Enquirer: 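Structure incoming, see below.
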Amino acid sequence: MRTLGFTISVIVAVLLAVLYSGPAAGQAKLDGKAIFLAQKCSMCHSVSTAGIEATVKSEKMKGPDLVNVKEDAKLIVDYLRKKADIKGKKHGKVFTGTDEELGALVAWIQQQEKK
């Protein structure tokens, strides 16, 4: 059973991912790309639209290029927190940042589209 705190944190992360359009007065905007790099997501994932190549040496450990991600923000948040599966699999590593950082990361990933 999900706790109220967990539910609220998921709602906050989803709202940030979907609605974040800029910094509030006195707050710096979180940079999804910087968070992606700081969390070492590039060890497994490429983001070709941002010029990021995966650094993993084993093809077995390599994750997909995160361009044109179609899943909704809530599913991505749950997946990165290891609370949901995508295509029958859990994410390899749990996201360790804040809910705000996760929201900014998800928003940035969803903006990565090949045209």
Side-chain angles (χ1 to χ4, degrees):
M1 188 164 137
R2 293 186 178 186
T3 65
L4 180 60
F6 172 75
T7 303
I8 290 171
S9 68
V10 169
I11 290 170
V12 168
V14 170
L15 287 174
L16 285 169
V18 174
L19 300 175
Y20 193 82
S21 62
Q27 292 181 331
K29 181 177 177 182
L30 294 173
D31 181 348
K33 181 178 180 180
I35 294 164
F36 182 89
L37 295 170
Q39 288 283 320
K40 300 182 179 161
C41 303
S42 61
M43 287 182 69
C44 299
H45 295 282
S46 297
V47 183
S48 55
T49 53
I52 298 171
E53 293 298 322
T55 59
V56 69
K57 305 228 186 280
S58 168
E59 285 298 314
K60 289 173 70 174
M61 298 300 294
K62 189 173 184 179
D65 187 342
L66 298 178
V67 173
N68 296 325
V69 171
K70 299 299 181 203
E71 287 78 15
D72 68 21
K74 181 181 180 336
L75 177 59
I76 298 170
V77 165
D78 288 347
Y79 183 65
L80 293 176
R81 292 281 192 205
K82 291 193 150 203
K83 304 289 183 189
D85 298 353
I86 293 181
K87 298 180 183 175
K89 295 184 180 182
K90 296 260 189 231
H91 191 259
K93 181 179 181 264
V94 69
F95 182 82
T96 59
T98 67
D99 290 339
E100 293 80 12
E101 290 170 331
L102 182 54
L105 173 65
V106 170
W108 179 76
I109 289 169
Q110 290 183 316
Q111 292 169 0
Q112 303 307 307
E113 295 182 357
K114 281 191 179 176
K115 301 198 184 238

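If you're wondering where the values come from, they're calculated on a predicted model, not measured in any experiment.
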Enquirer: Linking Ile, Leu, Val, Met, Phe, Trp and Tyr through side-chain heavy atoms less than 4.5 Å apart, which residues share a cluster with M43?
Expert: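 Reading the cluster by chain and number, M43 sits alone, since nothing else belongs.
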Enquirer: Using the ring-ring contact (aromatic ring centres under 6.0 Å, His included) criterion, which residues pair with H91? Sequence neighbours excluded.
Expert: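 So H91 forms a ring-ring contact (aromatic ring centres under 6.0 Å, His included) with H45, Y79.
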Enquirer: Between L105 and I76, is a side-chain contact (heavy atoms from CB on, under 4.5 Å) present by the stated rule, with each step listed?
Expert: CA-CA 10 Å; L105 173 65; I76 298 170; over 6 Å; no
Enquirer: Working to the nearest 0.5 Å, report the span between CG of L37 and CG of D31.
Expert: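 That separation rounds to 8.5 Å.
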Enquirer: Nearest 0.5 Å, what's the CG-CG distance between L30 and L102?
Expert: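 Answer for the CG-CG pair, L30 versus L102, is 11.0 Å.
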Enquirer: How would you list, by chain and number, every residue that makes a ring-ring contact (aromatic ring centres under 6.0 Å, His included) with F95, sequence neighbours excluded?
Expert: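 ring-ring contact (aromatic ring centres under 6.0 Å, His included) list for F95, sorted by chain: empty.
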Enquirer: Between S46 and A54, which heavy-atom pair has the shortest distance, and what is it?
Expert: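 It is OG-N, 3.0 Å.
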Enquirer: What heavy-atom pair brings T96 and Q39 nearest, and what distance separates the two atoms?
Expert: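 Shortest heavy-atom contact: OG1-OE1, 3.1 Å.
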Enquirer: By side chain to side chain donor-acceptor pair (under 3.5 Å), which residues pair with D85, not counting sequence neighbours?
Expert: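 D85 satisfies side chain to side chain donor-acceptor pair (under 3.5 Å) with K90 once adjacent residues are dropped.
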Enquirer: For I35 versus E101, what's the shortest heavy-atom pair and its separation?
Expert: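 Taking every non-hydrogen atom into account, CD1-O, 3.6 Å.
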Enquirer: Applying side chain to side chain donor-acceptor pair (under 3.5 Å), name anything that partners T55, two or more places apart in sequence or on another chain.
Expert: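 Applying side chain to side chain donor-acceptor pair (under 3.5 Å) to T55 gives none.
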Enquirer: Do you know the tightest heavy-atom contact between A50 and W108?
Expert: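 So the two residues come closest at CB-CZ2, 3.7 Å.
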Enquirer: Please tabulate, for side-chain N and O atoms in residues 62-70, each donor-acceptor pair with protein atoms closer than 3.5 Å (sequence neighbours left out).
Expert:
{"unit_1": "D65", "atom_1": "OD1", "unit_2": "S48", "atom_2": "N", "d": "3.2"}
{"unit_1": "D65", "atom_1": "OD2", "unit_2": "S48", "atom_2": "OG", "d": "2.8"}
{"unit_1": "N68", "atom_1": "OD1", "unit_2": "K114", "atom_2": "N", "d": "3.1"}

Enquirer: For a quick test of reading the model, state the closest non-hydrogen atom pair linking S42 to I52 and the distance between them.
Expert: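 Here S42 and I52 meet closest at CB-CG2, 3.7 Å.
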Enquirer: Take D99 and R81 through the side-chain contact (heavy atoms from CB on, under 4.5 Å) test and state the conclusion after the steps.
Expert: CA-CA 10 Å; D99 290 339; R81 292 281 192 205; 2.9 Å; yes
